[in-house]
Amino acid sequence: MDGQGNVAVLAGGGTGGYSVVGFNSLGPNLMITTAPTVDKLKGFSVQLGDQLGEVASIGAEGVLFSDGEKAYFGLNIAGGAALEGPWPGELHATFEHDWLIFGPANLLEALKRLWEKQQP
């Protein structure tokens, strides 16, 4: 959610270098970012991070991206099911491109309207 109450769903794909071959995970991801709106999250980005865990994993990564005029920084926190590699952790440096799948939608405004409908 950005500072204006907007939420979005993005999907992406990319590649890069990993310290462990065969370590993958699938799960939710939360990003805290300096970008002013969720619209700025789409496009190309570079990540540097790590993951730890067997069966379930938790990971964190720094993300650098730009809207073409200004650079932004983000911190991703993720967790989920892990496809195990030879070690219970990995380090990575990657790049990817993200597409906007849904949004932006203003969650705060939707909750406000729902609250107002419940009032007598």
Side-chain angles (χ1 to χ4, degrees):
M1 182 176 355
D2 65 23
Q4 300 168 17
N6 296 311
V7 295
V9 175
L10 293 99
T15 190
Y18 297 85
S19 64
V20 176
V21 175
F23 191 99
N24 294 296
S25 68
L26 178 63
N29 181 43
L30 171 69
M31 177 188 272
I32 301 164
T33 177
T34 60
T37 68
V38 293
D39 290 327
K40 304 290 185 180
L41 302 179
K42 60 187 176 189
F44 285 99
S45 61
V46 176
Q47 301 81 31
L48 179 62
D50 67 339
Q51 286 187 149
L52 295 172
E54 294 185 65
V55 181
S57 70
I58 186 163
E61 65 183 10
V63 181
L64 182 62
F65 56 99
S66 172
D67 64 0
E69 296 179 15
K70 186 174 179 182
Y72 301 103
F73 177 76
L75 174 65
N76 278 336
I77 308 290
L83 174 63
E84 296 178 40
W87 297 286
E90 62 87 25
L91 298 172
H92 60 268
T94 60
F95 66 92
E96 72 179 43
H97 188 277
D98 291 308
W99 295 271
L100 190 62
I101 302 299
F102 169 80
N106 193 295
L107 183 62
L108 296 179
E109 188 62 34
L111 291 172
K112 180 181 172 187
R113 278 184 268 148
L114 182 63
W115 174 260
E116 289 171 350
K117 286 182 181 180
Q118 302 300 320
Q119 300 306 308

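Hydrogens, waters and symmetry mates are skipped; everything else that's a heavy atom, side chains included, is used. Along the sequence shown, the residues carry numbers beginning at 1.
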Cluster check L41, L100: I/L/V/M/F/W/Y, side chain < 4.5 angstrom: yes
Closest non-hydrogen atom pair between [X] and [Y], with its separation:
| X | Y | result |
| --- | --- | --- |
| L108 | N106 | N-OD1, 3.2 Å |
| D98 | L10 | CB-CD2, 4.0 Å |
| G89 | L52 | CA-CD2, 4.0 Å |
| S45 | F65 | CB-CB, 3.7 Å |
| F73 | T33 | O-OG1, 3.0 Å |
| S66 | E69 | OG-N, 4.1 Å |

Selection residues 109-120 - residue pairs positive for side-chain hydrogen bond (donor to acceptor under 3.5 Å, both in side chains), sequence neighbours left out: none
Pairs flagged by ring-ring contact (aromatic ring centres under 6.0 Å, His included) wherever residues 37-57 is involved - sequence neighbours left out: F44-H97
Member of V63, L75, I77 meeting the side chain to side chain contact (heavy atoms under 4.5 Å, CB included) criterion with M31: V63
Inter-residue atom distance Q51.CD - I58.CD1, 0.5 Å rounding: 10.0 Å
Separation of D67 CG from D39 CG (nearest 0.5 Å): 10.0 Å
Any side-chain heavy-atom pair of K42 and W99 under 4.5 Å: no
Side-chain donor-acceptor contact under 3.5 Å, H92 with E61: yes
